[in-house]
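The structure appears right after this line, and notes come after that.
Not measured: the values here are computed from a predicted model. Order of the sequence lines sets the chain letters (A, B, ...), proteins ahead of strands, with each chain counted from 1.
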Amino acid sequence: MRDEATILHIDMDAFYASASLIARPELRGKPVVIGAGPRSVVLSATYEARALGIHAAMPVGRARRLAPHAIFLEPDHELYADISASVMEVFRSFTPLVEPLSLDEAFLDVAGVRRLIGDPVHIAESIRTRIADEQQITCSVGIATTKFVAKIASQHCKPDGLLQIAGDDVLTFLHPLPVKALWGVGPKTEEVLSRLGLRTIADVAHTPKTTLERALGQSAGEHLHNLAWGRDEREVYPWEPEKSISAAETFGEDLDDEEAILRELLRLTERATQRLRERGFKARTIGISVRFADFSTISRSKTLRDATSVTHEIFETARSLYQNLHLDRVRVRLVSVRLENLEQVGESAEQLLLTQGPKWAESDQARDQANQRFGGGSVRPARLLRKPTRDTRDVSK
DNA sequence: CCCAATATAAGTTCGCCG
DNA sequence: TGGACGGCGAACTTATAT
């Protein structure tokens, strides 16, 4: 194990509701609804929302009803991608070893540049200053010898903080924390651990590894035991290949009409396959998930003989997966389309056209180009021309 | 009663092959 | 022919994270 704390975990504070974002000219003075979840203005209970004068938290559906003309800053809004790209660029100006975890979080390994630029704390302060200057966003930085401890440290000092945990202090820092703080322990695992009488990370550390493995499975048991002793071998990888692409949509109201559900499925297939093609992938495995009114969820998938990126082909697979469920007017809340087993398409576009069936591949290509030129959704299958169902989200009830 | 969207990892079950 | 067994990939579920 390295004994010097050179791993940084940087977490933007209030990224999705940052003052700089709301101050953007195109948003100034307009009602803005932030977030996408059941409590769309998720931030009401947090420091950042108070600072911004946001008081109301409500489901996004209600927000749409109350303020239909508001600007909805959902997580996939392009403004966030812009800011994220700028921020990651700042990180990369300090070291190439930047591993983004999401739009607003990244790990950095500064071991190799410390002689060049300065010690990790100095680097962290420089980064915080630059992000504040350029984006008017505060961020919190955890510095430690491992990813895991760096991540907990940044949570610990949030907001607008910096916390370094030296190698010698790791266990003192870690052990009093609740098991929930272990990365990978969610509600289910917490419950299992609690039945074993384990409440703190120290408790987990002092439990025989075999006991943990029996209760949680081999891999998770061993992993947690290691983390509890501050052992985390994972390195900072600047790049990981993508493994799946998916698109999902929760309906404004539950649907039970097969025709309507298939229309949504086609729309989601469009969304997913377009991203697939943008990234130069084909997929061999097509999966769907269906969530019912009671929130239970099932999934089905099919692996094809040959990978494809053709909307038509993928939709037909998704459709047959759906129809094989033989749902008879069951109330459905969400469907999703997932593409897995991704393969990078070879250089030759000709080969793609020949092997994929010229007609559909060409029509996809033409549509992608048109959508790029005229904006997403300007060209779409005839089947989708009827009024989209999602707009029913904010009416009635 | 209410519970987003996207991605990853790992566990289980099952069928196929030798 | 019958069966136990192991390996393997596919299908599916569950858990977790942001």
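Between B/dA5 and A/Thr250, a contact under 4.0 Å exists linking OP1 or OP2 to a side-chain N or O. Regarding contacts with the backbone of B/dT8, a side-chain N or O of A/Ser244 is found under 4.0 angstrom from either OP1 or OP2. At the phosphate of B/dA9, OP1 or OP2 sits under 4.0 Å from a side-chain N or O atom of A/Lys243. A/Arg333 has a side-chain polar atom (N or O) that falls below the 4.0 Å cut-off from OP1 or OP2 of B/dC3. Taking side-chain N and O atoms only, A/Ser246 has a distance below 4.0 Å to OP1 or OP2 of B/dA7.
Within a 6.0 Å radius of CZ in A/Arg199, no more than 12 heavy atoms belonging to other residues, nucleotides or ligands are found. The environment of A/Asp133 atom CG is dense: over 12 non-hydrogen atoms of other residues, nucleotides or ligands sit within 6.0 angstrom.
Rounded to whole angstrom, the span from the CD atom of A/Glu240 across to the C1' atom of B/dA7 amounts to 12 Å. Atom-to-atom, CZ of A/Phe295 to P of C/dA15 comes out at 14 Å; the value is rounded to the nearest Å. We find that CZ of A/Arg271 is positioned 5 Å from P of B/dT6, with the value rounded to whole Å. Remark: P of B/dA9 and OH of A/Tyr237 are 12 Å apart, rounded to the nearest angstrom. Nucleotide B/dC3 holds its P atom 9 Å from the CG atom of A/Asp254, rounded to whole Å. Separating the OH atom of A/Tyr80 from the P atom of B/dT6 is a distance of 15 Å, rounded to the nearest angstrom. Distance NE2 (A/His223) to C1' (B/dG11): 16 Å, rounded to an integer number of Å. Atom CZ in A/Arg331 sits about 12 Å away from atom P in B/dC3, given to the nearest Å.
Both A/Leu8 and A/Leu116 are part of a single hydrophobic cluster, where members link through side-chain heavy atoms under 4.5 Å apart.
Here A/Leu101 lies out of heavy-atom contact (under 4.0 Å) with every strand. A/Arg300 comes within contact range of the sugar-phosphate backbone alone, with a heavy-atom separation under 4.0 Å but no base atom that close. As judged by a 4.0 angstrom heavy-atom cut-off over every strand, A/Ser299 is placed among the base-contacting residues. Among the heavy atoms of the strands lying under 4.0 Å from A/Thr189 are primed sugar atoms or P, OP1, OP2 only; no base atom is included. Counting non-hydrogen atoms under 4.0 angstrom, A/Lys180 reaches nothing in the nucleic acid. Contacts of A/Ile298 with the nucleic acid, taken as non-hydrogen atoms under 4.0 Å apart, involve only primed sugar atoms and P, OP1 or OP2.
Distance noted for atom P between C/dA4 and B/dG15: 16 Å (whole Å). Between C/dG3 and B/dC16, the two C1' atoms lie 16 Å apart (nearest whole Å). Remark: the separation of the P atoms in B/dC3 and C/dA17 is 22 Å, to the nearest Å.
Nearest nucleotide to the A/Ser219 side chain, out of B/dA10, B/dA5, C/dA10: B/dA10. Here the nucleotide nearest the side chain of A/Ser301, chosen from C/dC12, C/dA17, B/dT6, is C/dC12. The listed nucleotides are B/dT8, C/dA15, C/dA10; the one nearest the side chain of A/Lys188 is C/dA15. Counting only heavy atoms from C-beta on, A/Arg275 has its side chain closest to B/dA7 among C/dT18, C/dC12, B/dA7. Closest to the side chain of A/Gln155, from the set C/dA11, C/dT18, B/dA5, is C/dT18.
Note that CG of A/Leu339 and OG of A/Ser244 are 8.5 Å apart. Values are rounded to the nearest 0.5 Å.
Comparing A/Arg338 and A/Arg291 by the nucleotide of DNA chain B that holds the closest heavy atom to each, the one mapping nearer the 5' end is A/Arg291.
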Item to complete: Could you give me the CA-CA distance, side-chain angles and deciding distance for A/Thr95 and A/Asp109, then say whether side-chain contact (heavy atoms from CB on, under 4.5 Å) is met?
Response: CA-CA 7 Å; A/Thr95 170; A/Asp109 187 340; 5.8 Å; no

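The aromatic rings of A/Tyr80 and A/Phe15 are tilted relative to each other, their planes meeting at an angle between 30° and 60°.
Between A/Trp183 and A/His223, the distance separating the two ring centers is not shorter than 6.0 angstrom.
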